[in-house]
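The first residue in the sequence is number 1, and the count goes up from there.
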Amino acid sequence: MQAARNFLLLILTITLSALAVAQDSATYKPPRTEHDHPDLQGVWTIATLTNLERGQQFGGLIVPPEQTALFEQTVAAANAEADQAIDPDRPAPEAGAGVGGYNRFWMDPGSQLARIDGQARSSIIVMPENGRLPWSEDGLQALRWWGERPALDGPEMRTLGERCMVGFGSSGGPPMLPVLYNNHSQIVQTADYVMILAEMNHDARIIRLRDTHLPDTFQPWMGDSIGWYEGDTLVVETTNFHPQQSYRFSLRHRLYLSPDTTVTERFTRVAEDQILYSFAVDDPKTYTQVWQGELPMRRVEDRMYEYACHEGNYSLPGILAAARLEDAQQADR
């Protein structure tokens, strides 16, 4: 009986919070910088349990309070179970057995579904309405190629995250998408530039204001970003994506962006502690329509910590060295 009361109280709290947040965002006026731009500066997180694409357990974009509470409680219980200490007397794994990946201690994917206007979201994608990526046949073929690639022929065939070139799963963007950890970003504004620094791999994107795009022969990591202000919103348009950054994977999403993609992002501060981050991906070679997404960026007081990647990146040379040894063994047969 007490558990049922607690569950109903949780649902009531979620509902009242949603109403309060929706009212605040409609009337909120953001502070201004010394250059009279909407102030977006600070450290923000996009950590959330909401995935890029909608799972089959959800019926629509908005998740009802009862389902929201049950979903978040289930995840919290699973995390608590996984955080239990490992029995030191357990039998040792057999030789050659997989050692597994990170345990939960190292992960920080968030504890809640994303909330916009106080309502929980089932997917980051808001268009198409089914919350799924609208793949074209060419896009699916490009994705299949990556899965069938000669993965150990050289470092270029490994993911950019493994190579410490840019962060995993489009964490630095654009579009910026949440991953299992390091979901913080710091925004710094000047009169002529906006800098967005992702904690994952320390990807720093420099956005030039009131400028034009570079010639298409320039294809930097994370593309070429220019921006401008529309009222209280920072609008950023990015083109000229690096061909090696087309495949973007994490444990929670996968997508492909051709070098000709245009991503348009909008950053609107809707509360003292929240920015509404929305984006549109225009890539006719890969998708049958422009697809759009939304995420809340929540202000945090946390520090941005060093992300040391190459210093401990022993796995990549080990993987490639083992592949060359295998090649030599096959050549001797």
Side-chain angles (χ1 to χ4, degrees), residues 40-52 79 82-83 99-112 114 124 155-190 193-207 219-225 236 238 241-242 244-255 257 263 265 267 273 275 277 279 295-320:
L40 307 171
Q41 298 179 108
V43 179
W44 311 82
T45 180
I46 56 173
T48 177
L49 297 178
T50 300
N51 289 335
L52 175 65
N79 288 338
D83 282 340
V99 296
Y102 302 115
N103 57 30
R104 297 293 178 95
F105 174 84
W106 303 101
M107 298 181 186
D108 185 22
S111 59
Q112 294 184 332
I124 295 172
E156 292 80 10
M157 290 293 100
R158 306 305 298 178
T159 65
L160 294 179
E162 286 179 338
R163 295 163 57 194
C164 298
M165 303 301 293
V166 296
F168 290 93
S170 200
S171 50
M176 301 188 305
L177 298 176
V179 287
L180 285 180
Y181 51 87
N182 291 112
N183 286 302
H184 289 5
S185 293
Q186 182 177 11
I187 299 178
V188 176
Q189 295 167 269
T190 70
Y193 299 92
V194 176
M195 187 276 296
I196 303 178
L197 173 65
E199 187 174 39
M200 176 69 82
N201 207 54
H202 283 316
D203 289 332
R205 184 151 54 109
I206 308 298
I207 300 161
Q219 296 174 313
W221 298 122
M222 296 176 288
D224 178 51
S225 295
V236 180
T238 305
F241 286 96
H242 196 292
Q244 290 189 38
Q245 203 176 356
S246 293
Y247 299 92
R248 307 187 187 188
F249 296 102
S250 78
L251 293 179
R252 304 175 65 188
H253 60 256
R254 59 177 189 165
L255 66 153
L257 300 182
V263 177
E265 303 165 285
F267 299 80
D273 59 353
I275 291 173
Y277 171 62
F279 61 86
L295 266 176
M297 300 178 67
R298 294 175 291 106
R299 184 158 195 156
V300 292
E301 299 303 324
D302 300 342
R303 294 182 179 182
M304 296 276 285
Y305 288 96
E306 177 190 10
Y307 189 87
C309 187
H310 271 305
E311 290 84 344
N313 193 19
Y314 304 117
S315 60
L316 187 59
I319 289 171
L320 296 175

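- Atom CZ of Arg158 and atom CZ of Arg163 lie 10.5 Å apart (nearest 0.5 Å).
- Between Asp302 and Val43, the closest heavy-atom pair is O-CG1, 3.9 Å.
- Listed here is the closest heavy atom pair of Ala204 and Met195: CB-SD, 4.4 Å.
- Note that NE2 of His242 is 14.5 Å distant from CG of Leu257, once rounded to the nearest 0.5 Å.
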Check: Could you go step by step and tell me if Val194 and Phe267 meet the side chain to side chain contact (heavy atoms under 4.5 Å, CB included) rule?
Finding: CA-CA 12 Å; Val194 176; Phe267 299 80; over 6 Å; no
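- Note that CE of Met304 and OG of Ser185 are 6.0 Å apart. Values are rounded to the nearest 0.5 Å.
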Next item on the list: Would you check, one step at a time, whether the test side chain to side chain contact (heavy atoms under 4.5 Å, CB included) holds for Val263 with Phe241?
Entry: CA-CA 10 Å; Val263 177; Phe241 286 96; 3.8 Å; yes
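- Judged purely by atom type and a 3.5 angstrom limit, Tyr277 uses its side chain to pair as donor or acceptor with the backbone of Met176.
- To the nearest 0.5 Å, atom CD1 of residue Ile207 and atom CG of residue Asp224 are 10.5 Å apart.
- Distance NE2/His202 to CD/Gln186: 10.5 Å, rounded to 0.5 Å.
- In terms of heavy-atom proximity, Val179 sits nearest to Ser171 at CG2-CB, 4.2 Å.
- For the residue pair Leu177 and Gly169, the shortest heavy atom distance occurs at CB-O, 3.9 Å.
- Among residues two or more places apart in sequence or in another chain, the salt bridge (charged side-chain N to carboxylate O under 4.0 Å, His left out) test is passed with Arg205 by Glu265.
- Residues Leu197 and Val188 have side chains not in contact (no heavy-atom distance under 4.5 Å, counting atoms from C-beta outward).
- Of the possible donor and acceptor atoms, none in the side chain of Glu199 sits under 3.5 Å from a partner among the backbone N and O of Asn182.
- Annotation for Thr48 and Arg252: closest pair O-NH2, 2.7 Å, computed over non-hydrogen atoms.
- Atom CZ of Arg299 sits about 8.5 Å away from atom CD1 of Ile275, to the nearest 0.5 Å.
- The closest donor-acceptor contact from the side chain of Asn201 to the backbone of Met165 lies under 3.5 Å.
- In terms of heavy atoms, Met222 sits closest to Ser225 at O-OG, 4.3 Å.
- Formation of a donor-acceptor pair under 3.5 Å by the Ser170 side chain with backbone atoms of Pro175 is found in this model.
- Within the 4.5 Å cutoff, the side chain of Pro174 has no heavy atoms near those of the Val236 side chain.
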Next item on the list: Verify side chain to side chain contact (heavy atoms under 4.5 Å, CB included) between Arg254 and Tyr247, making sure each step is shown before the conclusion.
Entry: CA-CA 8 Å; Arg254 59 177 189 165; Tyr247 299 92; over 6 Å; no
Note to self: Would Asp203 and Trp221 count as a side chain to side chain contact (heavy atoms under 4.5 Å, CB included) here? Give the steps.
What the structure shows: CA-CA 9 Å; Asp203 289 332; Trp221 298 122; over 6 Å; no
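- There is no side-chain donor-acceptor pair under 3.5 Å between Arg298 and Gln112.
- With Met297 as the partner, the side-chain contact (heavy atoms from CB on, under 4.5 Å) test is satisfied by one option alone out of Ile187, Asn183, Leu40, Thr45: Ile187.
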